Amino acid sequence: MAMIRRTPYYHKHAALGAEFVDRIGFAAALHFGSIEAEHIAARENVGLFDVYSQYFLEVTGPDALNVMQKLCVNDIGRVGPSGVVYTSLCNAEGGMIDDLLVYRMADDTFRVCPTPSRFVSVEAWIREVAGELRVEVINYGARFAYMSVQGPKSRALLSRLTDADLSASKVKYFRFVMGDLAGVPDVMISRTGYSGELGYELFYPSEYAEHLWDRLIEDGADLGVKPCGLGSLATLRMEKKFPLYGLDLSTGNTPVEAGLEWTVRLDKPDFIGRHVIARQMEQGPPRRLMLVETADLDVPLEVGADITVDGRKAGTVTSVAKGFTVRKALAQGYVISELANDGQQVVVEAKAGASKAVLRSEALYDPNRTRARS
């Protein structure tokens with residue numbers, strides 16, 4: 001039997017009565033009693049999230065920008081130091097190896113933060129593409145701890161613990177700043193997250209993990225801070241139509257099929273998979289990832305269920321979650337392009353029963369990302 005590894009916050013989570021699940025060999029907190037309550041905390045106050053193995057790879061050296069441009073569909077050169085870019089890494093057929101964030105640390109240094117389940121594959125791909133070019137690829141492993149602080153009161157909480165200016169004008173959406181936080185040195189405070197709210201992702205030396213956890217819990221008590229697990233992370237991201245690698249994304253789909261064509265920059269230097277992606281952007285993809293909206297929270301949905309139109313199979317459900325804010329059961333799934341239209345009436349053929357639903361091309365919650373940019 002494989003050994004289950006523990007995150008730096010394991011003992012804190014256990015003391016709070018977390019229900020743990022196995023995520024790629026890590027004991028990850030699914031919830032601390034109520035997924036709905038944790039969802040509401042992140043929407044209305046502050047939620048603290050730990051994503052079991054959110055590690056960095058660093059690409060540095062004279063050819064680092066050239067390597068990143070070749071790897072990424074987005075234009076990594078468009079941001080300077082302290083900028084963050086959301087992008088995909090694709091294979092030669094345009095299939096997604098991962099979707100991830102790239103942090104520009106300096107002109108010739110980039111930190112890549114893969115989906116935890118894709119870390120090994122991403123590292124191998126970067127090293128293969130880098131080849132003999134003048135770059136060094138560094139695997140930081142567990143050197144840095146990670147925590148996501150999400151919710152409309154997250155700025156107020158972090159501002160109590162740092163002298164860094166976290167105002168909206170200073171640290172804009174998809175920017176980061178380095179600074180001390182609760183006495184912890186060299187913390188990367190990044191205005192990013194997976195909740196759809198104002199929020200920050202923190203990276204800092206792992207030896208400070210429990211200390212920083214305690215300070216955030218103590219200093220955020222009057223702001224309604226709440227530990228949150230993977231369950232609420234799923235419900236939050238579903239309302240935002242954020243895809244998840246391993247469910248909604250894989251090497252079997254392109255960024256265009258996944259609705260991520262907005263991240264593709266065809267006017268940048270050439271990148272791997274460009275010919276397939278450019279063709280799909282011009283001619284349209286064979287299928288598209290859509291949000292599936294039901295009537296209420298209790299509609300039965302399941303991964304793998306058929307999505308049908310007039311009795312004809314139109315697609316397949318790839319992920320499901322309850323939308324506690326919008327009060328609907330939600331799903332995502334790929335639908336053939338001719339039927340992948342906003343407002344299209346469909347039926348989801350789950351084992352528990354068939355349910356009427358509607359396809360949506362945009363997020364149900366804050367589709368313009370006004371709250372995240374606040």
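What you see is a predicted model, and the numbers here were worked out from it, not measured in a lab. Sequence positions, counted from 1, serve as the residue numbers for this chain. Hydrogens, waters and symmetry mates are skipped; everything else that's a heavy atom, side chains included, is used.
- A side-chain N or O of Asp165 and one of Ser167 form a donor-acceptor pair less than 3.5 Å apart.
- Judged by distance alone, the side chain of Arg237 and the main-chain N or O of Lys240 form no donor-acceptor pair under 3.5 Å.
- A donor and an acceptor atom, one from each side chain of Tyr86 and Asp99, are located under 3.5 Å apart.
- Ser232 and His31 form no side-chain donor-acceptor contact under 3.5 Å, judged by distance and modelled atom types alone.
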Worksheet item: Can you list the steps and then say if Val309 with Val346 is a side-chain contact (heavy atoms from CB on, under 4.5 Å)?
Response: CA-CA 5 Å; Val309 176; Val346 300; 3.7 Å; yes
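- Side chain of Gln54 to main chain of Pro114: a donor-acceptor pair is present (N/O by atom type, distance under 3.5 Å, no hydrogens or angles).
- The CG atom of Leu71 sits 11.0 Å away from the CG atom of Asn66 when rounded to the nearest 0.5 Å.
- Note: the hydrophobic cluster containing Val171 also contains Leu161 (ILVMFWY, side chain heavy atoms under 4.5 Å, direct or indirect links).
- Within 6.0 Å of CG in Asp296 there are more than 12 heavy atoms belonging to other residues, nucleotides or ligands.
- Remark: the backbone N or O of Thr325 is paired with a side-chain donor or acceptor of Glu239 at under 3.5 angstrom.
- In this structure, Tyr9 and His13 have parallel ring planes: the angle between them is below the 30° cut-off, well short of the 60° mark.
- A centroid separation of 6.0 Å or more is found between the aromatic rings of Phe203 and Phe176.
- Shown here for Ser53 and Pro116, the closest heavy-atom pair between the two residues is OG-CB, 3.2 Å.
- When atom types are taken as modelled, the side chain of Thr263 and the backbone of Thr87 share no donor-acceptor pair closer than 3.5 angstrom.
- A pairwise comparison of heavy atoms in Gly224 and Ala41 identifies O-CB, 4.5 Å as the closest pair.
- Between the side chains of Tyr200 and Arg155, at least one donor N or O sits under 3.5 Å from an acceptor N or O.
- The environment of NZ in Lys268 is crowded: more than 12 heavy-atom neighbours from other residues, nucleotides or ligands sit within 6.0 Å.
- Residues Glu58 and Tyr140 have side chains that bring a donor and an acceptor to within less than 3.5 angstrom of each other.
- Of the possible polar contacts, none joining the Gln150 side chain to the Phe49 backbone as a donor-acceptor pair under 3.5 Å is found.
- Of all heavy-atom pairs between Glu201 and Gly193, the closest is OE1-N, 3.6 Å.
- Proximity of a side-chain donor or acceptor of Gln332 to a complementary backbone N or O of Phe242 within less than 3.5 Å is detected.
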Worksheet item: Would Arg215 and Val184 satisfy side-chain contact (heavy atoms from CB on, under 4.5 Å), going step by step from the backbone distance to the final call?
Response: CA-CA 11 Å; Arg215 287 299 306 274; Val184 179; over 6 Å; no
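- Leu30 CG to Leu233 CG: the interatomic distance, rounded to the nearest 0.5 Å, is 11.0 Å.
- Glu36 pairs with exactly one of Lys322, Arg327, Arg43 by the salt bridge (Lys or Arg N to Asp or Glu O under 4.0 Å) rule, that one being Arg327.
- Here the OG1-CG distance, from Thr318 to Leu249, works out to 8.0 Å after rounding to the nearest 0.5 Å.
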Practice prompt. Apply salt bridge (charged side-chain N to carboxylate O under 4.0 Å, His left out) to Glu44 and Lys226, showing your working.
Written response: CA-CA 11 Å; Glu44 298 181 358; Lys226 194 173 186 65; over 6 Å; no
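- In this structure, Arg118 contributes its side chain and Ile97 its backbone to a donor-acceptor pair below 3.5 Å.
- For the pair Arg23 and Tyr52, the cation does not sit on the ring face, since its NZ or CZ is not both under 6.0 Å from the ring centre and inside 45° of the axis.
- Between the side chain of Arg6 and the backbone N or O of His11 there is no donor-acceptor pair closer than 3.5 Å.
- Residues Leu158 and Leu216 share a closest heavy-atom pair of CD2-CD2, 3.7 Å.
- Nearest heavy-atom pair across Pro205 and Phe144 is N-CD2, 4.1 Å.
- When atom types are taken as modelled, the side chain of Asn91 and the backbone of Glu93 share a donor-acceptor pair closer than 3.5 angstrom.
- The distance from atom CE of Met96 to atom CG of Leu89, rounded to the nearest 0.5 Å, is 9.0 Å.
- Atoms CD and CD1, on Glu261 and Ile277 in that order, are 11.0 Å from each other to the nearest 0.5 Å.
- Of the inter-residue distances, the one linking Glu362 atom CD with Asp342 atom CG reads 7.5 Å to the nearest 0.5 angstrom.
- Judged by the 6.0 Å and 45° rule, Arg373 forms no cation-pi pair with Tyr173.
- Remark: side-chain polar atoms of Ser195 are not paired, donor with acceptor, to backbone N or O of Leu236 under 3.5 angstrom.
- Between Glu349 and the options Asp306, Val317, Ile307, a side-chain contact (heavy atoms from CB on, under 4.5 Å) holds for only Asp306.
- Hydrophobic clustering, with ILVMFWY side chains joined whenever heavy atoms are under 4.5 angstrom apart, groups Leu101 together with Met68.
- Across every non-hydrogen atom of Thr294 and Ala329, the tightest pair is OG1-O, 2.6 Å.
- Transitive grouping of hydrophobic side chains (ILVMFWY, heavy atoms separated by less than 4.5 Å) brings Val67 and Val85 into a common cluster.
- Annotation: Asp163, atom CG; neighbour count of heavy atoms from other residues, nucleotides and ligands within 6.0 Å does not exceed 12.
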